[in-house]
Amino acid sequence: MFRIGFGYDVHRLVENRPLILGGVEIPHPVGLDGHSDADVLTHAIIDAVIGALGVGDIGQHFPDTDPKYKGVSSLSLLKTATDMIHREGFQLNNLDATIVAQTPKLAPYLNTMREKFAETLAAPADRINIKATTSEGLGFCGKREGMEAFAVVSLIKSSSDR
């Protein structure tokens, strides 16, 4: 059995917050605003996982009204989503994600993000692809007001459950 999920997230950029993307703290004068660490990339991936499982969305499982998620690492939320994958008898087949950010340049951090996702998702790194692009100065990302991320996840039934 094969399942596919799509995820999207967006956060505004604000002062006095660290910039966390893919579980990596990136030196930048502004960070993303949110209840957790506001890791827009990881949030999109979590939403894709939850979508592939057909069990709602990230807000249903990790509501921003719940104080226990205040400041939490999004990688820990992804670990919970990974546990959901395994409980349902699936494993990650493939992850493809894109971050949209005018600045900073993210290429130097993409491999580290990929490694963190491979570890958290209990999957080989060659099944994970992370890309970054700008919006060519257009829209809220281009005006440096925020960042967004898109993710597609495919899951397959674990070989022991086939």
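Here the closest non-hydrogen pair linking Pro63 and Tyr69 is O-CD1, 3.5 Å. Contact detail for Leu41 and Leu21: the closest heavy-atom pair is N-CD2, 4.5 Å. Across every non-hydrogen atom of Leu75 and Gly23, the tightest pair is CD1-CA, 3.6 Å. Nearest heavy atom pair, residue Ile85 against residue Leu92, reads CG2-N, 4.5 Å. Closest approach of Ile46 to Ala81, counting heavy atoms only: CG2-CB, 4.4 Å. Summarising the geometry of Gln102 relative to Cys141, their closest heavy-atom pair is CB-O, 3.4 Å, with the distance given to 0.1 Å.
Ala122 meets the side-chain contact (heavy atoms from CB on, under 4.5 Å) test with His86; sequence neighbours excluded.
The line from CD1 of Ile45 to CG of Leu78 is 6.5 Å long, rounded to the nearest 0.5 Å. Atoms CD1 and CG, from Ile26 and Leu32 in turn, are 9.0 Å apart once rounded to the nearest 0.5 Å. Note that CG of Asp96 is 14.0 Å distant from CZ of Arg127, once rounded to the nearest 0.5 Å. Atom CG of Leu110 is separated from atom CD1 of Ile130 by 7.5 Å, given to the nearest 0.5 angstrom. Of the inter-residue distances, the one linking Ile99 atom CD1 with Thr133 atom OG1 reads 10.5 Å to the nearest 0.5 angstrom. Rounded to the nearest 0.5 angstrom, Leu13 CG and Leu19 CG are separated by 7.0 Å.
Within 6.0 Å of atom NZ in Lys143, 12 or fewer heavy atoms from other residues, nucleotides or ligands are found, so the atom counts as exposed in its surroundings. Other residues, nucleotides and ligands place more than 12 heavy atoms under 6.0 Å from the CD atom of Glu145. When the shell of 6.0 Å around CD of Gln60 is examined, it contains more than 12 heavy atoms from other residues, nucleotides or ligands.
In this structure the side chain of Asp47 never reaches within 4.5 angstrom of the side chain of Phe6, judged on heavy atoms. Side chains of Phe90 and Met1 form a contact here, defined as non-hydrogen atoms less than 4.5 Å apart. Lys116 places a side-chain heavy atom less than 4.5 Å from the side chain of Val24. The shortest side-chain heavy-atom distance between His43 and His11 falls under the 4.5 Å cut-off. The closest side-chain heavy-atom distance from Ser36 to Phe62 is not below 4.5 Å. Counting heavy atoms from C-beta outward, Asp126 and Ile128 have side chains that stay 4.5 Å or more apart.
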Worked verdict on Ile50 versus His61 for side-chain contact (heavy atoms from CB on, under 4.5 Å): CA-CA 9 Å; Ile50 291 170; His61 292 271; 3.8 Å; yes
Verdict with reasoning, Gln91 to Lys157, per side-chain contact (heavy atoms from CB on, under 4.5 Å): CA-CA 6 Å; Gln91 63 188 23; Lys157 266 300 192 189; over 6 Å; no
Test side-chain contact (heavy atoms from CB on, under 4.5 Å) applied to His28 and Thr103, step by step: CA-CA 9 Å; His28 197 55; Thr103 60; 3.5 Å; yes
Val30 and Val14: CA distance, side-chain angles, deciding distance, side-chain contact (heavy atoms from CB on, under 4.5 Å) verdict: CA-CA 5 Å; Val30 292; Val14 295; over 6 Å; no
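Judged purely by atom type and a 3.5 angstrom limit, Arg12 has no side-chain atom pairing as donor or acceptor with the backbone of Asp33. Between the side chain of Ser76 and the main chain of Val72, no donor-acceptor pair closer than 3.5 Å is present. The backbone N or O of Lys70 sits less than 3.5 Å from a side-chain atom of His35, completing a donor-acceptor pair.
Salt-bridge formation is not detected for the pair Asp37/Arg17: no Lys NZ or Arg NE/NH1/NH2 atom is positioned less than 4.0 Å from an Asp or Glu carboxylate oxygen. In this structure, Lys79 pairs ionically with Asp83, as a charged nitrogen and a carboxylate oxygen lie closer than 4.0 Å.
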Residues 147-156, side-chain donor-acceptor partners within the protein, below 3.5 Å, at least two apart:
residue	atom	partner	partner atom	Å
Glu148	OE1	Tyr8	OH	2.7
Ser154	OG	Asn93	ND2	3.1
Ser154	OG	Asn94	N	3.3

